[in-house]
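Encoded as structure tokens, the structure appears first; notes follow it.
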Amino acid sequence: MNHWLFKTEPDTYSIDDLRREGRCGWEGIRNYQARNRLRDEVQDGDQVLIYHSSCPVPAIVGLACVVGTARPDPTQFNPESPYYDPKSSLDNPRWVLVDIQWQETFAKPLPLKQVKTETRFREMELVSRGRLSIQEVDDQSFRHIVARCR
DNA sequence: GCCAACGTTGGC
DNA sequence: GCCAACGTTGGC
């Protein structure tokens with residue numbers, strides 16, 4: 001069982017939106033490495049830290065879990081969608097998504113600034129590979145973060 | 001709004 | 001398959 005960190009811009013879709021909806025398809029991933037992880041590595045029941053980017057205080061803000069496995073992202077076929085990809089086809093979809101279920105909104109979100117400061121987080125992809133939108137989180141960091149953000 | 005880092009595209 | 005040009009991300 002792996003743990004993950006999914007990034008989102010709260011102006012587009014926030015942890016509050018996820019809480020309200022309960023469950024959502026994590027649409028709009030348009031990066032091959034992130035896509036490959038969703039398709040090949042993310043498993044039913046995996047836990048996911050939700051991270052807010054491009055906002056006043058970028059931070060890890062909550063917890064969700066994966067429901068089911070990867071499926072084609074319908075937005076790639078919708079010309080009206082900002083995630084539309086004319087090079088994709090129904091026969092051979094290029095992009096996938098996973099569905100996630102809200103579990104928790106943290107009482108004490110963990111700001112990126114803090115993650116960067118502490119040596120225990122040195123190896124986190126959030127520090128070393130900030131732009132990757134689907135990140136793997138090691139077990140120890142994951143447990144530490146959940147415990148201290150509650 | 002700037003810009004560094006990094007991903008993608010396409011000509012050759 | 002290289003690499004220059006270009007586009008995107010995201011912190012600041």
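Letters go in sequence order (proteins before strands), and every chain restarts at 1.
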How does protein contact run along nucleotides 2-12 of chain C, one letter per nucleotide 5' to 3', with B for base contact, S for sugar-phosphate only, - for none, heavy atoms under 4.0 Å? -----BBBBSS

Give a yes or no on whether a salt bridge exists between A:Arg148 and A:Glu118, defined as a side-chain N under 4.0 angstrom from a carboxylate O. yes

Report yes if some heavy atom in the side chain of A:Val42 is under 4.5 Å from a heavy atom in the side chain of A:Trp4; otherwise report no. yes

So side chain to side chain donor-acceptor pair (under 3.5 Å) across residues 64-74 of chain A, not counting sequence neighbours, yields A:Arg30-A:Asp73, A:Arg71-A:Asp99, A:Asp73-A:Thr75

Checking A:Arg19 against A:Gln103: is there a side-chain donor and acceptor pair closer than 3.5 Å? no

Say whether A:Tyr32 and A:Arg37, considering side chains only, have a donor N or O and an acceptor N or O under 3.5 Å apart. no

